[in-house]
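Below, read A as the first sequence line, B as the second, and so on, with proteins coming before strands; counting in each chain starts at 1.
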Amino acid sequence: MLKVEEIQTPVAFSAELIAQFADVVSRYPEGKQKSALLPLLHLVQAEFGWVSPPAMDKVAEYLDILPIEVYEVASFYSMYLLRPQGKYLLEVCRTGPCCLVGAEKIMKYIEEKLGVREGEVTPDGLFSWRGVECLAACGFAPVLQIGPEYTFYENLTPEKVDKLVADLTAQSKN
Amino acid sequence: MARKLLLEHINVPGINTFDVYRSKGGYAAVEKALKTLTPDEVVEEVKKSGLRGRGGAGFPTGMKWSFLAKPEGVARYMVCNADESEPGTFKDRYLMTYIPHLLIEGMIVSSYALGAKVSYIYVRGEMMPQIRILEKAIAEAKNAGFLGKNILGTGYDLELYVQPGGGAYICGEETALLESLEGKRGNPRIKPPFPAIAGLYGCPTVVNNVESIAAVVPIINDGGEEYAKIGIGRSTGTKLISASGNINKPGIYEIELGVPVEEFIYSEEYCGGIANGKRLKAVVAGGSSVPILPANLITKTINQQARLMTYESLSDGGFATGSMMGSGGFIVFDEDQCIVRNTWNFARFYHHESCGQCSPCREGTGWMEKVLHRLEYGHGKMSDMDLLVDVSKKIEGNTICPLGDAAAWPVASAIRHFRDEFEWHVTNGPEAITRNFGLAHYADPLPEPVAS
Ligand SMILES: Cc1cc2nc3c(=O)[nH]c(=O)nc-3n(C[C@H](O)[C@H](O)[C@H](O)COP(=O)(O)O)c2cc1C
Ligand code: SF4
Ligand code: FES
């Protein structure tokens, strides 16, 4: 469980991030800057790993909208993480077509391999996993994705999961 | 070999780059449209082609375009629906990954036809790699003078932007998509007004699927009449089918509309038959929202005609013995698959994705998920099947958007065609968790056709 102080840790947006924000806002007509909200939340999440309340408040301030307008959007869409996750969040498709070719077995394998239940983080802080709905890759099932670039791993087998976890563990040490 | 209009050059190395795409005749449709056709003439060609929306509803694209309101001094918008989240459907991701310029070219021609000066491609947020690909392709096209100010010296200006979604199936529904593009929750709007009158920012807007927009390119290049020669009756042209499940060759196939379903499943050109030497049990032919059909009804209609991959043939027999083309997500089940488990899985999906605005959808999808869960795990009652049908009927037609129907149909059709399998789950609870039901009575001849 997170402590209130941790959730409320103030965030600072870098100049580069603000420049990216400005580029996004320029895509919409005058006065329609709220359209930038979803893209901005993705940028924030890529930077910090999740969208915290202080970060949402700052986005609201930047777009000149009410904080509630940001909260209601962030909580509606499944991609926005309102709690910190492992460094690598494995999102495995759990929908029908993937289940026809073994998605449920792969999820069970991942759960046993990482030793944490869905939504929990491994003690080293590296991994978490969750089931998500159809990722539009049903012909290459089972599949999982890892943000913030949403790289796909297709036609999963236990061996491929082993290799992925080993590779990511090694990568995290660099 | 079937004619390919969209994927003809998909295997050409470097086709994702502007130069290679251009060398294969790319952007000829933009030149032709902008230099030799008026916007209305482009709309006319699309009407003649008979193209029907490839996003699921199958509404004629040219007709939709002709409904667009054109008040003086008000901006108009063209929006591409690349939200692709219907379970079983993965063709748009494929198209955007491997031949992004086809979509960009289609967007330029479509935007010109509708008089849009700013257009958006709304891509589901999980497709970050595809968003990067599209952004690169847009930059290349702009560099070459096909986007931006005064395109090809014709005086037409167009800016094209890519917008990521946030992970919500409902944002594929066109008015929810527009809400989302305005930076709000994806709650579908009550229609009317339709987007053609009041869409993005309250301005006249057309929303079309990726594949529909891509199909405009060959339609302009070859002419609408030429396009309409492919296919059967009101199902013209080619269609991308996403094939998944227990088949030897899952993937994306461009078919000429009219291919027999049996050929599609068993021929080497397409799915290559059922995997692991198993037998066919059932097919969901058009994405998770359409009714499931047992093996004998998917290959033949109730009147013993060969069923074809067309809008009309797939829906032959109505909901009693037919299904729908939908988005072309063709999901194949072998004899080991459990219909109850799959129906529960789909019900969970719709419950998870319901936006929560209408009580029948918000509550009904939740009940269906719960009842199906208890059936699957051996705690069901014989009365549960009627309960499910009752709940599904109360959702159907009583909601703001069609997600409610999309949630109701798979459940109702599974019970209609596989009731014995549901009953077996009730009478054999513990066994049903570990062993599947296998093939059912539908392997036997069906009763005589009933006059509808
Ligand atoms: C719940 C729901 C989800 C939908 N998802 C999609 C989708 O992911 N992609 C799409 O193109 N159309 C989707 N549609 C259909 C759109 O509302 C709309 O009809 C379509 O984008 C129009 O384009 P078209 O005429 O080119 O098919 C969905 C509809 C509903 C009700
Ligand atoms: S039918 Fe469901 S998804 Fe559609 S508006 Fe109503 S609650 Fe939302
Ligand atoms: S069902 Fe898993 S990607 Fe579509």
Side-chain angles (χ1 to χ4, degrees), chain A residues 23-24 26-43 45-46 59 63 65 69-70 72-81 91 93-101 103-104 131-141 143 145-152 155, chain B residues 75 84-94 118 120 124-129 132 159 161-169 171 180-187 200-201 242-246 249-252 275 284 288 329 331-334 337 341-343 345-346 348-349 352-353 355:
Chain A
D23 176 53
V24 174
S26 75
R27 300 170 190 169
Y28 317 102
E30 204 52 52
K32 304 296 180 194
Q33 77 282 0
K34 186 175 170 182
S35 279
L37 182 49
L38 275 76
L40 259 52
L41 289 174
H42 282 304
L43 290 171
Q45 181 157 304
V59 169
L63 290 177
I65 57 179
E69 295 179 82
V70 182
E72 66 172 10
V73 161
S75 60
F76 181 86
Y77 295 94
S78 65
M79 288 177 76
Y80 302 119
L81 304 169
E91 296 181 300
C93 173
R94 66 176 194 180
T95 316
C98 275
C99 292
L100 294 179
V101 292
E104 285 160 321
V132 292
E133 301 296 355
C134 180
L135 294 172
C138 333
F140 319 102
V143 292
Q145 66 180 11
I146 303 177
E149 282 303 310
Y150 295 91
T151 318
F152 263 79
N155 299 310
Chain B
E84 191 166 64
S85 316
E86 170 92 354
T89 314
F90 47 101
K91 65 193 173 72
D92 299 339
R93 181 160 91 100
Y94 182 80
V118 178
Y120 297 95
R124 66 179 286 181
E126 292 92 339
M127 294 195 195
M128 207 53 88
R132 304 257 186 265
E159 290 298 336
Y161 299 109
V162 183
Q163 175 85 356
Y169 167 66
C171 290
S180 181
L181 185 45
E182 292 180 5
K184 303 180 207 151
R185 298 165 70 106
N187 289 337
L200 183 62
Y201 310 129
S242 321
S244 65
N246 308 117
K249 300 195 315 171
I252 288 93
V284 174
S288 61
I331 312 164
V332 179
F333 299 69
D334 73 18
Q337 300 305 333
R341 189 165 187 82
N342 185 72
T343 310
N345 184 296
F346 281 173
R348 179 181 65 177
F349 172 82
H352 184 260
E353 300 300 332
C355 85

Who wins among [options] for the most heavy-atom pairs under 4.5 Å with chain A?
| options | result |
| --- | --- |
| A75(B), G88(B), A275(B) | G88(B) |
| P164(B), P250(B), A168(B) | P164(B) |
| K91(B), E353(B), K184(B) | K184(B) |
| R341(B), M127(B), E84(B) | R341(B) |
| L181(B), N187(B), N342(B) | L181(B) |
| Y201(B), F346(B), Y94(B) | Y201(B) |

Using heavy-atom distances under 4.5 Å, tell me whether [X] contacts chain A through its side chain, its backbone, both, or neither.
| X | result |
| --- | --- |
| S242(B) | neither |
| V284(B) | neither |
| T89(B) | backbone |
| C171(B) | side chain |
| L200(B) | neither |
| Y169(B) | neither |

So do the side chains of [X] and [Y] get within less than 4.5 Å of each other, counting heavy atoms only?
| X | Y | answer |
| --- | --- | --- |
| Y28(A) | Q163(B) | yes |
| Q337(B) | C99(A) | no |
| E126(B) | M79(A) | yes |

*side chain to side chain contact (heavy atoms under 4.5 Å, CB included) evaluation trace for R27(A) with E159(B)*: CA-CA 9 Å; R27(A) 300 170 190 169; E159(B) 290 298 336; over 6 Å; no
Flag the one option from [options] with the top tally of heavy-atom pairs under 4.5 Å to chain B.
| options | value |
| --- | --- |
| P29(A), S35(A), P148(A), C93(A) | S35(A) |
| V132(A), L100(A), L37(A) | L100(A) |
| T151(A), T95(A), L63(A) | T95(A) |

*Heavy-atom closest pair, residues V101(A) and G245(B)*: CG1-O, 3.8 Å
_If I compare all heavy atoms of H352(B) with all of E133(A), which pair ends up nearest, and what's the gap?_
ND1-CG, 3.6 Å
*asked:* So, taking the atom named CD in Q145(A) and the one named CE in M128(B), what distance separates them when rounded to the nearest 0.5 Å?
replied: 10.0 Å
*Find the distance between CZ (R124(B)) and SG (C134(A)) and round it off to the nearest 0.5 Å.*
6.5 Å
*Is the backbone of A136(A) close enough, under 3.5 Å, to the side chain of R93(B) for a donor and an acceptor to pair up by distance?*
yes
_Side-chain (N345(B)) to main-chain (R94(A)) donor-acceptor, under 3.5 angstrom_ = yes
*Any side-chain donor near an acceptor of the partner, Y77(A) and S180(B), under 3.5 Å*: yes
*Answer with side chain, backbone, both or neither: which region of Q45(A) has an atom nearer than 4.5 Å to a non-hydrogen atom of chain B?*
neither
*Measure A141(A) against the heavy atoms of chain B and call it side chain, backbone, both or neither at under 4.5 Å.*
neither
*Using 30° and 60° as the class limits, which term best fits the ring planes of F140(A) and F90(B): parallel, tilted or perpendicular?*
perpendicular
